[in-house]
Enquirer: 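One structure follows; several queries about it will come next.
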Amino acid sequence: MDLDAVTKQSALHAKPDGLTLQYGTAGFRTKAEHLDHVMFRMGLLAVLRSKQTKSTIGVMVTASHNPEEDNGVKLVDPLGEMLAPSWEEHATCLANAEEQELPRVLLDISEKAAVNLHQDAFVVVGRDTRPSSEKLSQSVIDGVTVLGGQFHDYGLLTTPQLHYMVYCRNTSGRYGKATIEGYYQKLSTAFVELTKQAFCSGDDQRTLKVDCANGIGALKLREMKHYFSQGLSVQLFNDGTEGKLNHLCGADFVKSHQKPPQGIEMKSNERCCSFDGDADRIIYYYHDADGQFHLVDGDKIAALISGFLKEPLLEIGDSLSLGVVQTAYANGSSTRYLEEVMKVPVCCTKTGVKHLHHKAQEFDIGVYFEANGHGTVLFSKAAEMKIKQLAEELEEDKKRKAAKMLENVIDLFNQATGDAISDMLVIEAILALKGLTVQQWDALYTDLPNRQLKVKVADRQVISTTDAERQAVKPPGLQEAINELVKKYRLSRAFVRPSGTEDIVRVYAEADSQENADSLAYEVSLAVFQLAGGIGERPQPESPEQFLDDSPLFS
């Protein structure tokens, strides 16, 4: 490790004085102009991680659903998963080191992580369509090369596509070809195979309107759509030709504001969906005949998919375990539907995809979706092998078809991460095979009215939680106050949790009516303001919209 070369190159990517950043669930995110040094240093860190794991590591330049002027970076581990927690700490330490401390911190990480500095390193890089992403991507590459790492720059990719590339490269192509063409072919072939039966039965070609958030999803879906055009026609809106990334559009906007994005034409009962800026989230919605807006979020996606998977599992008669993982943000009606109607086990875990992903791995087939539309289905290696074996060996035609259906679903999911394109194809396949309209899907259960607010506090660390963030441990008296407020309303619950990125406390409440959910959310917000060091304007009951959580959801 040539520390003199690192020091010299780092001076060209100098850290601003006084800037401190934390590697969170989604990596580093802030204003793009503050990130040059972070990008360079994450290139350095990716090389060390690659040497330690003897694997290809990914670096994605994106700020997902954040505004266009923001940017960010996250590292992708060998099997397409998020960076290991111990390395999140290394990332934070490296990003915040002063210039003169950088060589010592690099050596310290190498020692703590037992990195063989003589090992070869290979890093793949991807970026979204933000104006700042190309330059910041080059800063990552500068960090990779100064430590002697090899790299491949994929250029413009969705975040899930970079996860896919990493997974493919580290499984010697068994998962798929590590090219954009390989990604398109794998997913589209599985979709066409899965939907053959539906589209051969005389069903009309299905049409879906897609809001691409003026992001990378538009570019990649436009490239891909001819692969599956025989069964599904996608019409792209907010495709980046005009309008700003994530501005008044995208999955985060639709979920937060409970209304359709600007720039999309909606007729009654048409299926529409929105991606977020880097295409790792998807939300469905429609207008009914009376013009009322209906949101079909991640909870209902999980319900649709888990219900679909249960049928072929029962048909083949195997004992593979199926479970759904949710967070505290999941609507209470969805949990009751899964447990009481579908008879599917449900687990709750902390907010953040890495927590859901880890919990889902405890099942043979684990379904997880955050309410914001970020999720996937994980098949264990044992489950994959079993299903593929049954698809070849079962003699009874009906059972063999069920096994083959599951095999196609395995190929259709980008199991490395949540993927809006992959999830869209799965959802469209299920709706076609089941003959369901979007209204019928929405009618699986009725969501309890809910409200999300935020409260500014002097220090978010005064709040600590337990029980998958559903109970506040600190400050003293807050949980007791919440419990008393919840008792006032029917079918109600509420919880609070600190943001992972800024000094705000997020408040969630649900109840039997929107009025009661709004009142409960306001009252809990007031309790937080009073007991947890609220600053700025006090929560106001008459205009909860001003506290609508329109910052990046669940960060």
Enquirer: Between V61 and N71, is a side chain to side chain contact (heavy atoms under 4.5 Å, CB included) present by the stated rule, with each step listed?
Expert: CA-CA 7 Å; V61 178; N71 218 318; 3.6 Å; yes
Enquirer: For H247, look at atom NE2 and say whether over 12 heavy atoms of other residues, nucleotides or ligands are found less than 6.0 Å away.
Expert: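 It does not: H247 NE2 has 12 such atoms or fewer within range.
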Enquirer: Locate the shortest heavy-atom distance separating L208 from R271; write the atom from each residue and the value.
Expert: CD1-O, 3.5 Å
Enquirer: Any non-hydrogen side-chain atom of L102 less than 4.5 Å from a side-chain atom of K15?
Expert: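 SC-SC contact between L102 and K15 ruled out.
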Enquirer: Has K51 got a side-chain atom pairing as donor or acceptor with A121's backbone, closer than 3.5 angstrom?
Expert: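 No; judged by distance alone, with no hydrogens or angles, the pair does not exist.
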Enquirer: Side chains of L221 and M424: closer than 4.5 Å at any heavy-atom pair?
Expert: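 Contact flag for L221/M424 side chains = yes.
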Enquirer: Rounded to the nearest 0.5 Å, what separation is found between the CZ atom of F191 and the CG atom of D411?
Expert: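 Going from CZ on F191 over to CG on D411, the span is 14.5 Å.
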Enquirer: For H357 and V325: C-alpha separation, side-chain torsions, deciding distance, then whether side chain to side chain contact (heavy atoms under 4.5 Å, CB included) applies.
Expert: CA-CA 8 Å; H357 194 93; V325 185; over 6 Å; no
Enquirer: Just by modelled atom types, is the D278 backbone N or O under 3.5 Å from a matching donor or acceptor in the D128 side chain?
Expert: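 No; judged by distance alone, with no hydrogens or angles, the pair does not exist.
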Enquirer: Keeping the roles fixed (side chain from R130, backbone from D70), state whether a donor-acceptor pair exists under 3.5 Å.
Expert: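 It does hold such a pair.
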Enquirer: What I'd like to find out is whether the side chain of W441 reaches to under 4.5 Å of the side chain of V296, using heavy atoms alone.
Expert: yes
Enquirer: Do N372 and D276 touch side chain to side chain, with heavy atoms closer than 4.5 Å?
Expert: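 Heavy-atom side-chain distance check fails, nothing below 4.5 Å.
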Enquirer: Can you confirm whether F228 sits close enough to E428 that some side-chain heavy atom of one is under 4.5 Å from a side-chain heavy atom of the other?
Expert: no
Enquirer: Minimum heavy-atom separation for D211 to G250, with atom names?
Expert: OD2-N, 2.8 Å
Enquirer: Taking the side chain from E81 and the backbone from L79, do they hold a donor-acceptor pair closer than 3.5 Å?
Expert: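 Confirmed, E81 side chain pairs with L79 backbone.
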Enquirer: What residues form a side chain to side chain contact (heavy atoms under 4.5 Å, CB included) with N96, not counting sequence neighbours?
Expert: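 Checked N96 against side chain to side chain contact (heavy atoms under 4.5 Å, CB included); matches are T20, L21, T92.
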Enquirer: Measure from the side-chain N and O atoms of S334 to the backbone N and O of K300, and report whether any donor-acceptor pair falls under 3.5 Å.
Expert: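 Here the side-chain-to-backbone pair does not exist.
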Enquirer: Before giving the answer on salt bridge (charged side-chain N to carboxylate O under 4.0 Å, His left out), spell out for D77 and R49 the whole-Å C-alpha distance, their side-chain angles and the decisive distance to 0.1 Å.
Expert: CA-CA 8 Å; D77 255 2; R49 183 62 171 160; 2.7 Å; yes
Enquirer: How close do G143 and L44 get, heavy atom to heavy atom, and via which atoms?
Expert: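 The pair with the smallest heavy-atom distance is O-CD2, 3.3 Å.
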Enquirer: Indicate the atoms forming the closest heavy-atom contact of S50 with F122, along with that distance.
Expert: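 In this case the closest contact between S50 and F122 is OG-N, 2.9 Å.
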Enquirer: Output the distance between atom OH (Y23) and atom CG (L83), rounded to the nearest 0.5 Å.
Expert: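 Interatomic distance, Y23 OH to L83 CG, rounded to 0.5 Å: 4.5 Å.
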Enquirer: Ring-plane angle category for H13 and F40, please: parallel below 30°, perpendicular beyond 60°, tilted otherwise.
Expert: parallel
Enquirer: Does E68 have any side chain to side chain donor-acceptor pair (under 3.5 Å) partners at least two apart in sequence or in another chain, and if so, which?
Expert: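 Applying side chain to side chain donor-acceptor pair (under 3.5 Å) to E68 gives none.
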Enquirer: Is there a donor-acceptor contact under 3.5 Å from the side chain of E270 to the main chain of K267?
Expert: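 Judged by distance alone, yes, a pair lies under 3.5 Å.
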Enquirer: To the nearest 0.5 angstrom, please state how far the CE atom of M405 sits from the CD1 atom of I430.
Expert: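 CD1 of I430 is found 9.5 Å from CE of M405.
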Enquirer: Are there more than 12 heavy atoms of other residues, nucleotides or ligands under 6.0 Å from atom CD of E33?
Expert: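 For E33, atom CD is crowded (more than 12 foreign heavy atoms under 6.0 Å).
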Enquirer: What's the spacing between L320 CG and F363 CZ if we round to 0.5 Å?
Expert: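 Output value for this atom pair is 13.0 Å.
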Enquirer: Is the Y175 ring parallel, tilted or perpendicular to the Y164 ring (thresholds 30°, 60°)?
Expert: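 Y175 vs Y164 ring planes: tilted.
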Enquirer: Check for a donor-acceptor pair, side chain of N170 on one end and backbone N or O of S55 on the other, with a separation under 3.5 Å.
Expert: no
Enquirer: Counting only heavy atoms from other residues, nucleotides and ligands, does the tally under 6.0 Å from NZ of K177 exceed 12?
Expert: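 12 or below, so no.
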Enquirer: Are L48 and L117 close enough, and set up right, to give a side chain to side chain contact (heavy atoms under 4.5 Å, CB included), and what steps lead you there?
Expert: CA-CA 8 Å; L48 295 183; L117 296 174; 4.0 Å; yes
Enquirer: So, do V59 and V123 sit near enough that their side-chain heavy atoms are less than 4.5 Å apart?
Expert: yes
Enquirer: Give the minimum heavy-atom separation between M165 and A178, together with the two atoms involved.
Expert: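 Taking M165 first and A178 second, the nearest heavy atoms are SD-C, 3.4 Å.
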Enquirer: List the atom of G72, the atom of M39, and the distance in Å for their closest heavy-atom pair.
Expert: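 Minimum heavy-atom contact is O-CE, 3.2 Å.
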Enquirer: Do Q361 and Y368 have side-chain atoms, one donor and one acceptor, less than 3.5 Å apart?
Expert: no
Enquirer: So does E370 pair up with K255, basic N to acidic O under 4.0 Å?
Expert: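 Looking at K255 together with E370, the answer is no, because their closest N to O distance does not fall below 4.0 Å.
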Enquirer: Can you tell me which residue among Y285, Y284, Y286 is in a ring pair (Phe, Tyr, Trp, His ring centres under 6.0 Å) with F293?
Expert: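 Considering Y285, Y284, Y286, a ring pair (Phe, Tyr, Trp, His ring centres under 6.0 Å) with F293 is found only for Y285.
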Enquirer: More than 12 foreign heavy atoms under 6.0 Å from CD of E134: is that the case here?
Expert: no
Enquirer: Pair Y329, D297 - check side-chain hydrogen bond (donor to acceptor under 3.5 Å, both in side chains), show working.
Expert: CA-CA 11 Å; Y329 285 99; D297 65 8; over 6 Å; no
Enquirer: Got a second to check how far S321's OG is from D364's CG, nearest 0.5 Å?
Expert: 3.5 Å
Enquirer: Picking from H65, H374, H163, Q161, what satisfies side chain to side chain contact (heavy atoms under 4.5 Å, CB included) with D280?
Expert: H374
Enquirer: Looking at K401, I'd like to know if its NZ atom is crowded, meaning that more than 12 non-hydrogen atoms belonging to other residues, nucleotides or ligands lie closer than 6.0 Å.
Expert: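 Count not over threshold, so no.
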Enquirer: Tell me whether the count of non-hydrogen atoms from other residues, nucleotides or ligands lying under 6.0 Å of NZ in K209 goes above 12.
Expert: yes
Enquirer: So for atom NZ, which belongs to K186, do other residues, nucleotides or ligands contribute more than 12 heavy atoms lying within a distance under 6.0 Å?
Expert: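 Check passes, neighbour count above 12.
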Enquirer: Within the distance-only criterion (no hydrogens, no angle test), does the side chain of T62 pair as donor or acceptor with the backbone N or O of M60 below 3.5 angstrom?
Expert: no
Enquirer: For residues S422 and T376, determine if any side-chain heavy atom of one lies less than 4.5 Å from a side-chain heavy atom of the other.
Expert: no
Enquirer: Are the side chains of I301 and I282 in contact, using a 4.5 Å heavy-atom criterion?
Expert: yes
Enquirer: Using a cut-off of 6.0 Å, state whether more than 12 heavy atoms not belonging to K259 lie near its atom NZ.
Expert: no
Enquirer: To the nearest 0.5 Å, what is the distance between CG (L309) and CG (L304)?
Expert: 9.5 Å
Enquirer: Should the pair R281-D423 be classified as a salt bridge under the 4.0 Å nitrogen-to-oxygen rule?
Expert: no
Enquirer: Carefully, step by step, assess K220 and E223 under the rule side chain to side chain contact (heavy atoms under 4.5 Å, CB included).
Expert: CA-CA 5 Å; K220 297 305 175 181; E223 290 176 358; 3.6 Å; yes
